[in-house]
Amino acid sequence: MYLLVNRTGNGDILVLPLDPDGRAAGTGRRLTKQEFPAYALAREPGLPRWVWEDTSRIYPLLLTAGVRVHRAHDLRLCHAILRQSSLTRSSTLGRAEDSRWDRAPASEPDPGASGSTLFDLFDDADDESGVIDEFERQLAAVRNSAEPGRLRLLLAAESAGALIAAEMQFTGLPWRTDVHDALLTRELGPRVGPGLRPERLERLADSIRAAVGEPRLNPDSHPDLLRALNQVGLRVTSTRAWELQELAHPVIEPLLEYKKLARLLSANGWYWMDTWIVDGRFHPEYIPGGVVTGRWATRGGGALQLPKQVRGAVVADAGWKLVVADAAQLEPRILAALSADTAMAAAGRGTDLYAGIVAGGVVESRDHAKVAMLGAMYGATSGESGRLLPRLAKAFPRAIALTETAARAGERGESVTTRLGRSSPHPDERWQATQAQAYDPGATEADERRARSQAREWGRFTRNFIVQGSAAEWALCWMAEIRRELRMLPLAGTGDSGSEFDHAPHLVFFLHDEVMVHTPAVLAGAVEEIVRSAADTAGRHLFGDFPVDFLLTVATVDSYAEAK
DNA sequence: CTCCATTGCGCG
DNA sequence: AAAGCGCGCAATGGAG
């Protein structure tokens, strides 16, 4: 059963039951914002699927009232998928002109809170039926597509992801500011005021200045630093660490150390801590579908780039544990399943996939296996990776053929589609124009070269899209399944009935192919079991009976730094 | 002053 | 442009 939720201009909530085809079925109710959570809670036992425009805007209303829902359909996210998918290209939704559903949402939080806003205009222009019509179009597009089952799974997974994202932002990641502060002080020296360098950093800056003989040099200025390096005879064209690493000169060691610590200070220093850690929790804003391939993005706080350096500050509460799980070699396993390459799937059965490739005699070392695989999925042509590719192609012809086919499609400007139906965007007009230019009778050699290089570039994008995007789908299904099973977990032993989320295991972090669950210590074993079985379930959802393993590394720890 | 591109580096 | 995908963010410095 569907329950459509729509917000009126004055902040009230309209709820309307819909039939399986998305048509109004029964009478609607008008609720105030305050009444809505209790209403939702009362309906949850019937496991309705809540249909709303934007989970990130409406769900916090429920979360702040302590109410969580099982299932949702996020119209904005699902629209984006169906609009682009080659599987629904001929649907009404696929053929329509751009509408408000195709425009980025205004980033104002809580539109109902203030009086007259842009949102009121929306509501006057787009009443209830606009939302119902959109939902009907989406259901029809799925129903009439060649792969309704896959698309339904994708939309459910995407929407579940939106629920999880809102919940994780709301709950936050346990973060010990005292541990973080101690770590910063150990590395950088005691905290100093804004604009000043901590002691350790200042000393390194002095060493750098002395080594290049420029007492006033600001090591944070790339142009100045580059000039100074050239001045002392170092033939570098940039100040990148990997390039400096190769050189022998007294300035190199302090400079590399400076760069590392300066990065720590600016990216995850005290200022970051003050800004993002509230009451012992890190609350990043996750953006489901924020990356073209379907991966999540984040806004603020750099949650997807938490350096290993500071992970020690992520510590479970007293009496609690962190269960950290990581899908091992996810993308190559996805590739094996996508291409039904049984030899490659076999190489990863019950073991590290790269080790399996070595054991099969394809290459000599795990490092070679890894660099060759990554190269195949990213489109490397030269170097070690390029040299090893033929051996992979011989051992795993189906897998490599799939990546090549995806690349060729991109080079022609065509889109590619993931396992569940997310399609890559088409290249823009400038790309098309450059290609057209190369076919012009008057085209120069340079025109052709430019077109070819640009075509290859887009080919590398589509080549990777199909793997990265399908892996993102697997990860969403995995996490959705974890969430579902966690909620069914009996909370015996915690002295709690289970309605209070403060006492139940819950997801607190997600990083492309890695999840973290914060759980009462007594339930850690059960959580590990759930995380593992959810991976198998996700594999079956995407690939049916195809015999591919999705191996996990799972660790129950007190601190994130202990995982891996 | 604000806006924007560039550089560099963190993550998968 | 590291050799090859996808991101976010901070700092700098030039342009307006």
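In what follows, every chain begins at residue 1, and chains take the letters A, B, ... in the order their sequences are listed. Keep in mind it's a predicted model, so treat the numbers as computed, not measured.
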Do [Y] and [X] meet the salt-bridge criterion of a basic N to acidic O distance under 4.0 Å?
| X | Y | result |
| --- | --- | --- |
| A:E285 | A:R299 | yes |
| A:R191 | A:D274 | yes |
| A:R450 | A:D447 | yes |
| A:D178 | A:R176 | yes |

For [X] and [N], is the shortest distance between a side-chain N/O and OP1 or OP2 below 4.0 Å?
| X | N | result |
| --- | --- | --- |
| A:R460 | C:dG4 | no |
| A:K259 | B:dG8 | no |
| A:K370 | C:dG4 | no |

What is the distance, rounded to the nearest whole Å, between atom [atom1] of [X] and atom [atom2] of [N]?
| X | N | atom1 | atom2 | value |
| --- | --- | --- | --- | --- |
| A:H512 | C:dC5 | NE2 | P | 16 Å |
| A:Q309 | B:dG10 | CD | P | 8 Å |
| A:E457 | C:dG4 | CD | P | 10 Å |
| A:R463 | C:dA3 | CZ | C1' | 13 Å |
| A:W458 | C:dG4 | CH2 | C1' | 16 Å |
| A:L225 | B:dG8 | CG | P | 9 Å |
| A:L261 | B:dG10 | CG | P | 11 Å |
| A:F282 | B:dC11 | CZ | P | 14 Å |

Fill in: Partner nucleotide of C:dG4 by Watson-Crick or wobble geometry (both distances under 3.5 Å)
none

Worksheet item: With rounding to whole Å, what would you report as the distance between B:dT7 and C:dA1 at their P atoms?
Response: 9 Å

Worksheet item: How far, in whole Å, is B:dA5 from C:dA3 if one measures between their P atoms?
Response: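 Pairwise P distance, C:dA3 against B:dA5, rounds to 26 Å.
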
Examine distances only and state if a side-chain atom of [X] and a backbone atom of [Y] form a donor-acceptor pair shorter than 3.5 Å.
| X | Y | value |
| --- | --- | --- |
| A:R463 | A:Y378 | no |
| A:E448 | A:E445 | no |
| A:R200 | A:E187 | yes |
| A:K259 | A:T239 | yes |
| A:T171 | A:M168 | no |

Practice prompt. Step through it carefully: locate the ring centre of A:W478, locate the ring centre of A:H541, and say whether they are under 6.0 Å apart.
Written response: no

Worksheet entry | Check: A:W276 ring centre within less than 6.0 Å of A:H283 ring centre |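 For A:W276 and A:H283, the ring centres are not under 6.0 Å apart.
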
Discussion item. I need a per-nucleotide contact map over nucleotides 7-16 of chain C, read 5' to 3'. Cutoff is protein heavy atoms under 4.0 Å; write B for the base, S for backbone only, - otherwise.
Written reply: SBSSSSS---

Discussion item. At 4.0 Å (heavy atoms only), tell me whether A:L330 reaches a base, stays on the sugar-phosphate, or touches nothing.
Written reply: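 Here A:L330 touches no strand at all.
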
Item to complete: Could you tell me whether A:R311 contacts a base, only the sugar-phosphate backbone, or nothing, with contacts defined as non-hydrogen atoms closer than 4.0 Å?
Response: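 Touches sugar-phosphate only.
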
Discussion item. Whether the A:Q309 and A:N268 side chains hold a donor-acceptor pair (N or O, under 3.5 Å, no angle test) is what I'd like checked.
Written reply: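 The criterion, which ignores hydrogens and geometry beyond distance, is not satisfied for A:N268 and A:Q309.
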
Worksheet, complete the sentence: Within residues 182-206 of chain A, those residues having any heavy atom closer than 4.0 Å to DNA chain C are none

Worksheet item: Hey, can you pull the residues of residues 227-256 of chain A with a non-hydrogen atom under 4.0 angstrom from DNA chain C?
Response: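 Output list: A:R240, A:W242.
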
